[in-house]
Protein chains: 4
Amino acid sequence: MAYKRNVILRAAEQLIADEGLHNLSMQKLATTAQVAAGTIYRYFTDKEALISELRKDVLKNVAEFVFSGFTQESVEAQFTHLWFNFLKLGSNRNSNQLNYQQYSQLPGIESDEHRAFEQNTFEPLLTMFKQGQQQGLITDLEDEYLFSIGFEPAIALGHRISEGHLEYNDSELLVVCKRCWSAISTSFSDS
Amino acid sequence: MAYKRNVILRAAEQLIADEGLHNLSMQKLATTAQVAAGTIYRYFTDKEALISELRKDVLKNVAEFVFSGFTQESVEAQFTHLWFNFLKLGSNRNSNQLNYQQYSQLPGIESDEHRAFEQNTFEPLLTMFKQGQQQGLITDLEDEYLFSIGFEPAIALGHRISEGHLEYNDSELLVVCKRCWSAISTSFSDS
Amino acid sequence: MAYKRNVILRAAEQLIADEGLHNLSMQKLATTAQVAAGTIYRYFTDKEALISELRKDVLKNVAEFVFSGFTQESVEAQFTHLWFNFLKLGSNRNSNQLNYQQYSQLPGIESDEHRAFEQNTFEPLLTMFKQGQQQGLITDLEDEYLFSIGFEPAIALGHRISEGHLEYNDSELLVVCKRCWSAISTSFSDS
Amino acid sequence: MAYKRNVILRAAEQLIADEGLHNLSMQKLATTAQVAAGTIYRYFTDKEALISELRKDVLKNVAEFVFSGFTQESVEAQFTHLWFNFLKLGSNRNSNQLNYQQYSQLPGIESDEHRAFEQNTFEPLLTMFKQGQQQGLITDLEDEYLFSIGFEPAIALGHRISEGHLEYNDSELLVVCKRCWSAISTSFSDS
DNA sequence: TATGAATGAGAGTTCATTCAT
DNA sequence: TATGAATGAACTCTCATTCAT
């Protein structure tokens, strides 16, 4: 019954969300997951492997969340949809789930293996950029630039909201979203 | 001789920059700083306090770096100047100094005390926003929104550069910077 | 199907010969023997019992080896035959069989039960001593003394050879063997 | 105060003598030595290093014991003296001291470093062999052979005595010793 | 009989912190 | 004020053993 593997991963996610990665001990994890310490090692070689697996697992959930309700609307509608999903992802204070900030701090997230996995998972986003460029709506910059200009503000704002330093305000956020869209669109020419 | 306090902080910064926060042990710190282990505790209550102090100390240096060469030019020139400083801050790989990513991962960075300290330190930035708004150049949004739209892309790009995942290209970056400026400016109206 | 008992013992012997007693884990043993971990416990109460059984089992094989080719020659010829078998036993580096050194390090080898078993197994040797004494060839000392003087040098030399610290030289060894025989024989009188 | 190093080594020796090497745990050692677990690691890199150091330390004591009272008598007198010291060494049941059997089972005892140390320590013995050969008393065989024939019986008998399987009997043992001496001496010619 | 997932005590080791000097 | 030897709780991980299937 490999469902215990999942139980352990969910417990790890919750513990990291609650107390931070550097407070994650295998004993605490075992207790939280309601398994014996040794059981963890049936499913994961060691702590590092556990975190590595958690990374992929969380990324899958993150991608699922970000692309939830993603349909073939107009490119701008797609952008807006994703933008608010990134915002919500960051602002999520669900105590048993990692928010984006915590996710991005998992060590090894910069490994080549993970990067490839990430790239693959977020392909729909790149497809959207390409569509927008083909339709003459989005400016001809590399994906990294477009993502930074377009979505990093949403992630950062989400983070601020989750920390309680910003009131959630739909109409203002919509304005911000539109400005992000404009910033990557061809609606004004680069001087 | 309280100069030892500074010796210890500098040693801590270097060790974290080199080997990461989770590899910082008080023994290693003592050795690197060339003091006895017990001596550290004459200047800092415990490890947590040490890191908290380091946080403030580094923030001071970060602010100094960001605002270096900051003069009373036009608001757009000021913005551009800051934008590239944020970019460089993130991309800094100087081995005996924390880069922005490492800085932002110091635990406790989200405490109210620290936030107040940060707000105070970055006041010149808020002043610039106010100036721009008074001159009718920057749109009337709250500071958090302006910062997110304007500068988070720079920080994120800096991070990507430091990880080696982005080719550095000055002319492209200037285009990106201008788009960020446009995104917070009044040059296009919110629909 | 109690043949599994033997499969397990053989796997244990090989593992100990290869990696030493202190590296013998029940998991590894199960894997090597191609049985489930729990199966071992159907044949052996616990690890200690397993080793105890292995001890007897190996002793049987050891005795078989020592007494192989043992015929009713002259007593001195019998002695020489046994002497070189003890030597070979110690120097044996066959990887899936315990050598004498490894055998003698099995814990519990000094138990009374084992000692009785050993005594019984090595009876032919004692018979040889008695024969020699009846024929007036071997001096009237207790068996322990005769064994120590006569055969311990062979065992020790075997050990040195197996460790690679002694050049193997047949003619020299024959001289040594003869001196051991002389040392227990009546060929010189005790002063 | 590095005297704790010695306290730890003595405690380790006692524990191994009492319960065997494979039952030596660092916790038990700490308790027996009356130091904290961490303290052991101030003096020894890890468990392996501790045992390696113990090996050298015990060898020093062993040599001291074997060569105690060793004077410039006749070669045969020297031999007899050493022979009984080897016997006593093996038969030693002093509970807080390793006997020869336990000593020889310490892992790494076959390392080149240790072998050189051992050779050096037992030099007086080799000198005795050489003297005997120069005086025409001891036969021309290599040291390893002479040692095996001459002293291994003493060690083995000592071991048997310590296990309680042999009564200590001075006059009989003297006979055995003389036979060992004869076995390496020129008093009878190799046929 | 046989399985192998699960157990949990205990292993070796680290490290923040203390305190006699 | 400064030292650094000593502490011991807590860490990651192993492994002999059990038991529901």
Side-chain angles (χ1 to χ4, degrees), chain A residues 1-5 7-8 22-31 33-51, chain B residues 1-2 4-5 8 22-31 33-51, chain C residues 1-2 4-5 8 22-31 33-51, chain D residues 1-5 7-8 22-31 33-51:
Chain A
M1 296 179 219
Y3 84 96
K4 291 224 170 179
R5 200 192 116 97
V7 169
I8 292 166
H22 65 281
N23 286 317
L24 178 70
S25 90
M26 299 305 262
Q27 282 301 344
K28 253 194 278 187
L29 176 54
T31 305
Q34 304 201 62
V35 299
T39 302
I40 300 172
Y41 291 86
R42 288 199 66 76
Y43 297 99
F44 306 97
T45 307
D46 54 20
K47 195 182 187 181
E48 199 190 332
L50 168 76
I51 291 170
Chain B
M1 300 178 219
K4 289 213 172 178
R5 200 191 114 99
I8 292 166
H22 65 282
N23 286 318
L24 179 70
S25 88
M26 299 304 262
Q27 291 296 350
K28 247 193 280 185
L29 176 54
T31 305
Q34 305 200 59
V35 299
T39 303
I40 299 173
Y41 290 84
R42 300 207 73 79
Y43 297 100
F44 305 96
T45 308
D46 55 20
K47 195 182 188 183
E48 203 191 330
L50 168 77
I51 290 170
Chain C
M1 300 178 218
K4 289 212 173 180
R5 199 191 114 98
I8 293 167
H22 65 283
N23 286 318
L24 178 71
S25 88
M26 298 304 262
Q27 293 295 351
K28 246 191 282 185
L29 176 54
T31 306
Q34 305 201 60
V35 299
T39 303
I40 299 173
Y41 290 84
R42 301 208 72 78
Y43 297 99
F44 306 96
T45 310
D46 54 20
K47 195 183 187 182
E48 202 190 330
L50 168 76
I51 290 170
Chain D
M1 295 179 221
Y3 84 96
K4 290 224 171 179
R5 199 191 117 98
V7 169
I8 293 166
H22 65 281
N23 286 317
L24 178 70
S25 91
M26 299 305 261
Q27 282 300 344
K28 253 193 276 186
L29 175 54
T31 305
Q34 304 201 64
V35 299
T39 302
I40 299 172
Y41 291 85
R42 288 199 67 75
Y43 297 100
F44 306 97
T45 307
D46 54 20
K47 195 183 187 180
E48 199 190 332
L50 168 76
I51 290 170

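For clarity, every value in this text was computed on a predicted model and none was experimentally measured. We name chains A, B, ... by the order of the sequence lines, and we start the count at 1 in each one.
Across all strands shown, the partner of F/dA20 is E/dT3, judged by Watson-Crick or G-U wobble contacts whose two distances both fall under 3.5 Å.
You'll find the side chain of B/V35 stays beyond 4.5 Å of the side chain of B/L29, heavy atoms only. Counting only heavy atoms from C-beta outward, the side chains of B/L50 and B/M26 approach each other to under 4.5 Å.
Note: CZ (C/F44) to C1' (E/dA2) measures 15 Å, nearest angstrom. Atoms CD (D/Q34) and P (F/dA6) sit 14 Å apart, rounded to a whole Å. Put simply, NZ on D/K28 is 10 Å from P on E/dG10, counting in whole angstrom units. Between the OH atom of C/Y41 and the C1' atom of E/dA6 there is a distance of 14 Å, given to the nearest Å. Counting to the nearest Å, the P atom of E/dC15 and the CG atom of B/D46 are 17 Å from each other. For D/L24 and E/dA11, the CG to C1' distance is 12 Å, given to the nearest whole Å. The distance between atom CD1 of D/I40 and atom C1' of F/dG8, rounded to the nearest whole Å, is 12 Å.
Looking at heavy-atom distances under 4.0 Å, C/M26 makes contact with a base. No engagement by D/L50 is indicated, since no non-hydrogen atom pair under 4.0 Å with the nucleic acid exists. Residue-level contact check: C/L29 touches neither bases nor backbone, having no heavy atom under 4.0 Å from any strand.
Counting only heavy atoms from C-beta on, D/K4 has its side chain closest to F/dT7 among E/dA2, E/dT7, F/dT7.
Between F/dT21 and E/dT1, the two P atoms lie 22 Å apart (nearest whole Å).
Closest-nucleotide positions on DNA chain F for A/S25 and B/R42 were compared, and the one nearer the 5' end corresponds to B/R42. Residues B/K47 and D/Q27 both approach DNA chain E. Their nearest nucleotides, taken by heavy-atom distance, put D/Q27 toward the 5′ side. Residue-to-nucleotide proximity on DNA chain F shows that, of B/A37 and A/N23, the 5′-proximal contact is made by B/A37.
For the atom pair C/T39 OG1 and C/F44 CZ, the distance stands at 11.5 Å (nearest 0.5 Å).
A sub-4.0 Å separation between OP1 or OP2 of F/dA6 and a side-chain N or O of D/Y43 is present.
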